[in-house]
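Here the structure comes first, spelled out in structure tokens, and everything after it is commentary.
The structure presented is a predicted model; accordingly, all values stated were derived computationally and were not measured. Remember, it's 1-based here, ligands and their atoms both numbered in the order they're listed.
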Amino acid sequence: MNPLLQPYETAPFSQIKNEHFLPAITKLIEETKAEIEAIVLNPEVPTFENTVEALEKTGEKLDRASSIFFNLNSAETNDEIQKLAQEISPMLTEFSNDMLLNEALFQRIKTVFTEKETLDLSEEQKMLLDKKYKAFSRNGANLSEEKKKELRIIDTKLSKLKLSFGENVLAETNKFELHLTDKKDLSGLPEGVIEAAAQTADEKGKKGWIFTLDHPSYVPFLTYSDNRELRKKMAIAFGAKGFNNDDLDNQENVLQIATLRHKRANLLGYKSHAHFVLEERMAETPEKVISFLNELLEKAKPAAKKEFDELTAFAKNLDGIDHLEKWDGAFYSEKLKQKRFSLDDEMLKPYFELKNVIQGVFTVSQKLFGLQFEEIESIDKYHPDVKTYEVKNEAGDLMAIFYADFHPRGGKRNGAWMTSYKPQQIKDGKNSRPHISIVCNFTKPVLSIPTSPNINSVAGPTASKPSLLTFNEVTTLFHEFGHALHGMLANTQYPSLSGTSVYWDFVELPSQILENWCYEKETLELFAKHYQTGELIPMEYVDKIKESATFHEGMATLRQLSFGLLDMAWHGQDPSGILDVKSFEVAAFHNTQLYPDVMVNCMSTSFSHIFQGGYSAGYYSYKWAEVLDADAFAYFQQEGIFNKAVADKFKNFVLSQGGTQEPMQLYKKFRGQEPDPEALLKRAGLLES
Ligand SMILES: [Zn+2]
């Protein structure tokens, strides 16, 4: 019996074996095809109900099975799953293209679409109709048979290339290790980082300490290691992912992806991939995006340069460094920050035990939106580390199932993300609640006693620590949780308009706005307590967190803008003239780089956001959403950060609405005005310089 073909409520992880995926997905594709065929063969004239709504209802089981498969491929993968993905992914692309190029189906939708204004449709139904029609027209429904074929070939190729890009990045990350056996080489590193490295070495059956390119190992190493040569070694390995001229090299993948995306856009009548993408965004056109980025660049650059000069002088003064390199940035920045604020990650970490931070984010969502979280151990999970919760509202109604997967593993890709296993929708008159998940790569608790010689005699044989988060990890958790709230509070009729199914440049508003609460005294008082003494975080630390939040904000802004501009460079023009990935990238970075270029490194070859994930021609949306979130949070600050009336408006007009209306409309209903970039510039401290 194949568990993916039986009815289930929460995903039946414990029963699923790798060999279930392919037959289940194959069968469910067939079933969905039959459901679609029934719509096409319906002898009645096309109506909204018998065509658009009916189509929305197809493929429910297929969507669930494939979401389980692809979520596992990101969070708990192995060679076998990766191999299956190479087979399943093109199958699904082919199926979806077949459907979107189904002439008879399109004609029925077109009929309803042309009658749109005469039909008595709700706002949400109109959005659904637009969305379905555009899905077809933007996928070539109006093309000739020959061109349709061409499109399908491109899509299949693209889906394989993107997978291979991601696999190369993961393999490069797992391949590298910095194995140290001399205590001297650990100089500067915090005790917790050393313990974790000893544990990693132990797990690999080696003596000493192993540092990896996983963020919880890599980032502290670059921030704290006194050894400049080792920092350089780590940084170069990190920056060379997919750029080593071997079988894991991504240069050809990058070029092919950009070329095929451009061809595809041209085929559909758009000037570039970015023109195609931005048609369905709040920002609307590449011209608008580029001028948005350049305007911010103009404001941020003087501040960034000033910060960089200051940092250069500081490093020169401290260590006689003449030329600041990329592997010096985090290190001296941290030192300068310590000097200026006498506040470092290691001082703050004891106040941010993961367990307490989770409780904190739960309390915040309870105060704002009335949500209650209860850990339910019996919910089936894909790994013992995963935590599972039931989420209820004030009235005690089930709002969502929530999965949280916090720590790095070999089969998990880098970063942090939110995803779902089941969408919210109104089904047969009942509100069917979503299953939401967040996946992170936070510092692991140190569980066992390191067998390697310990450099610090203070850490005796009982040394062990729970997971203590850096402040950056705290804001990351709030960020992903903001996405999760968007999913959990969804309250729409149709699943494809539910939760985070909104325009890409609107999707980061709920996540980014939630980060703001981490900087507020009122919030930190709720959960930032010392993991050993229970003492509340000292208020002077809180003041300093706030003050230091904009430390080096100019440089950070420049960096984000550089990624946004690189993305637009790859996707806003004809890439056929690009012969060399590296030199193209250097040119695109020309106006945004402070550090000398590292010849053997390349950003594009591991830029998973735009070459593997869905952020192509969309990286700008982080900054775009910052403008939104700064402006929205200014409203909370004005009325009180836990003000129920403002929180209700945010829930009712933003979080619960998904993509049922244009984002600008929703935003104005919440805020009473359009977003003002002034709030961001003020918050970032970029206004006066
Ligand atoms: Zn996000």
Side-chain angles (χ1 to χ4, degrees), residues 67 70-71 74-75 166 215 219 277 280-283 289 293 357-358 361 364-365 368 400 402-406 408 412-421 423 434 436-442 469-490 498-519 549 556-557 559-561 563-564 567 607-633 650 654-655 657-659 663 666-667 675 680 683-684:
S67 80
F70 288 107
N71 283 331
S74 290
H215 283 243
V219 175
V277 169
E280 289 198 310
R281 298 290 149 95
M282 207 170 169
V289 170
L293 293 171
V357 181
I358 296 168
V361 81
V364 167
S365 47
L368 290 171
F402 178 57
Y403 300 83
D405 179 1
F406 291 116
K412 194 193 271 192
R413 73 173 160 89
N414 273 330
W417 63 94
M418 166 268 187
T419 183
S420 88
Y421 287 97
I436 303 297
S437 168
I438 60 173
V439 187
C440 313
N441 276 285
F442 294 148
L469 304 189
T470 64
F471 188 68
N472 184 41
E473 288 176 324
V474 174
T475 58
T476 300
L477 177 59
F478 272 68
H479 178 104
E480 296 312 328
F481 200 81
H483 284 307
L485 285 171
H486 205 182
M488 294 187 283
L489 288 167
S498 178
T500 54
S501 304
V502 299
Y503 285 171
W504 274 95
D505 48 2
F506 194 58
V507 80
E508 296 297 331
L509 168 61
S511 52
Q512 291 186 178
I513 194 176
L514 212 70
E515 292 181 37
N516 289 283
W517 271 266
C518 302
Y519 298 91
T557 302
R559 191 177 135 88
Q560 282 298 96
L561 294 174
F563 296 163
D567 173 27
F607 200 172
S608 303
H609 266 77
I610 66 167
F611 291 113
Q612 182 192 7
Y615 274 84
S616 61
Y619 200 87
Y620 77 91
S621 60
Y622 282 111
K623 275 288 155 204
W624 185 272
E626 269 185 52
V627 166
L628 297 181
D629 94 70
D631 183 66
F633 190 66
F650 195 65
V654 178
L655 294 175
Q657 290 293 321
L666 292 175
Y667 191 83
L680 173 64
R683 185 178 70 187

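Outside the 6.0 Å centre-distance limit, the rings of Tyr615 and Phe607 are not counted as a close aromatic pair. Between Phe471 and Tyr519, the distance from one ring center to the other falls under 6.0 angstrom.
Within the 2.8 Å limit, Glu480 places no N, O or S atom next to the Zn ion (ligand 1).
Nearest N/O/S atom of Glu508 with respect to the Zn ion (ligand 1) is recorded as OE1. With respect to the Zn ion (ligand 1), His479 has NE2 as its nearest N, O or S atom.
Applying the ring pair (Phe, Tyr, Trp, His ring centres under 6.0 Å) test to Tyr503 and every residue at least two apart in sequence or in another chain returns nothing. Not counting sequence neighbours, Ser621 has no partner by the side chain to side chain donor-acceptor pair (under 3.5 Å) test.
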